[in-house]
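First the structure, in the form of structure tokens, and then the observations on it.
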Amino acid sequence: VVYLQHVRSDQGCQVFTTNPAQLLLKTSPKLAQSHKDYENAIKYYTEALELNPSNAIYYSNRSLAYLRTECYGYALVDATRALELDKNYIKGYYRRATSNMALGKFKAALKDYETVVRVRPNDKDAKMKYQECNKIVKQKAFERAIASDELKRSVVDSLDIENMTIEDDYAGPKLEDGKVTLKFMKDLMAWFKDQKKLHRKCAYQVNALQMHTEKITICGDTHGQYYDLLNIFELNGLPSITNPYLFNGDFVDRGSFSLEVILTLFGFKLLYPEHFYLLRGNHETDNMNQMYGFEGEVKAKYTAQMFQLFSEVFQWLPLAQCINNKVLVMHGGLFSEDGVTLEDIRKIDRNRQPPDSGPMCDLLWSDPQPQDGRSVSKRGVSCQFGPDVTERFLEQNKLQYIVRSHEVKAEGYEVTHSGKCITVFSAPNYCDQMGNKGAYIHLRGSDLKPEFHQFTAVPHPNVKPMAYANSLMQLGMM
Ligand SMILES: *[C@@H]1O[C@H](CO)[C@@H](O)[C@H](O)[C@H]1NC(C)=O
Ligand SMILES: *[C@@H]1O[C@H](CO)[C@@H](O)[C@H](O)[C@H]1NC(C)=O
Ligand SMILES: [Mn+2]
């Protein structure tokens, strides 16, 4: 297993070398592990494979680079090829297991860990991974068993929030008569900034209140980067009736301040329900939260029951938002089939965990591609759609363009498909290692012309990204 050091660059320098292994393995504290390094590693391994297509190590190493860039579908294909070429190549089993874990295919992952443990009975690391994965498979089976015998009951019904007492020594923010006010929001953000915890009674109150469902600012993925979220409000102003916002999903996971991000966003939703919008991302789901940290973080800071409540609320988040009948915003992108209308999107029964395919899955998971048509997704879920797909969708629904998020971009945003498909991503220096900028977009006036604003990462307290993630997904364990 390769331990990659993901230290932040203090010189901001990037080294380009033609040795892909060096790109994967940079350990000097002077160098950042950036997205660009992994993309270059992929390029060089691809070239090496053209010269020598039967080298299992090249496939396995490219698989690691794909894991790092979240192309889990491609990572799975490469790990599988490595094993076809050399079925005794242990690292190949690890890589394939990690790809399957990332895709939520826990049983498939368990089979590979089983193989490693069989071949290397004395390997402690392998044994630990096997046990961890086995635990998840058993827990999933148990959850399925109870879900089928019991009517689904809201966590809210089993809570007695009114009767929870706030201890006298609690000096933090409180709701006023059960309502979120601007003063509460300002106190809350300052409280979180100092790494203090909101009283559990107030955390339940912010969560359990009804979620209701134009100049507007659109932000992309924030992924638990609370200090970068505060910086957005610093640069662009606090949300208000005259300064509305739309946050386009993936508020939680990866960054270790996901609770602070989501409670702040829910607070503003309650304060300005008609001027503050939140859409669901692929990370507002149980499978992702279990692997990438949010479940662990909520359990560490509050309780398992609090996580259940978040899970329920996430299921009510809308999947898409249409602005002035001209722009459609969603987290992932367009569909695996032509002909989907806005009416079809409205009719989606969204109050559930997303299925493996179909329009709900596509809205949360798909990505654009430069070439026409559709291809298999690099992620292993949903599809990639070309400019012609975007064009037909916009024409049929009489729209001008789409805005989506979901992919890290070096500049924080990217305009593709002749200006008809815009990506915006608001987590700068994603996971403390990608070196990317963040961006948000202003849409203004009758033409809704997009205007881009970029920003860079600000420092955060010393809690690393993925600190609460499942140990199998922690960086360095792949
Ligand atoms: C593959 O990656 C490993 C690190 O996991 C590295 O030591 C090795 O040199 C790489 N092999 C090739 C052929 O690039
Ligand atoms: C609070 O607890 C008391 C005593 O246990 C009970 O009588 C009352 O109904 C509870 N209040 C609410 C709002 O549930
Ligand atoms: Mn996403």
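The model shown is predicted, which means the values in this text are computed figures rather than measured ones. Every number for a ligand or one of its atoms is a count from 1 in the order of the listing.
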* **Salt bridge flag under 4.0 Å for residues D338 and R374** => yes
* Sole residue of H406, R280, E284, R404 in side-chain hydrogen bond (donor to acceptor under 3.5 Å, both in side chains) with H331 -> H406
* Which of these, N55, N61, N52, L64, has its nearest heavy atom closest to atom 12 (C) of ligand 1? -> N61
* Structure fact -> Judged by heavy atoms only, the candidate from Y45, Y58, Y44 nearest atom 14 (O) of ligand 1 is Y45
* To do: Verify the distance criterion only: is there a donor paired with an acceptor across the side chains of Q353 and N287 at less than 3.5 Å?
  => no
* Structure fact -> Closest to the Mn ion (ligand 3), among the N/O/S atoms of H406, is atom ND1
* Asked: Does a side-chain N-to-carboxylate-O contact under 4.0 Å join D123 and K127?
  -> no
* **Ionic contact status for K299 with E295, cut-off 4.0 Å** => yes
* To do: Could you list which atoms of ligand 1 come closer than 4.0 Å to a heavy atom of K91?
  => 5 (O)
* State whether D250 contributes an N/O/S atom found under 2.8 Å from the Mn ion (ligand 3). => yes
* To do: Tell me, please, if S405 has any N/O/S atom, main chain or side chain, under 2.8 Å from the Mn ion (ligand 3)?
  => no
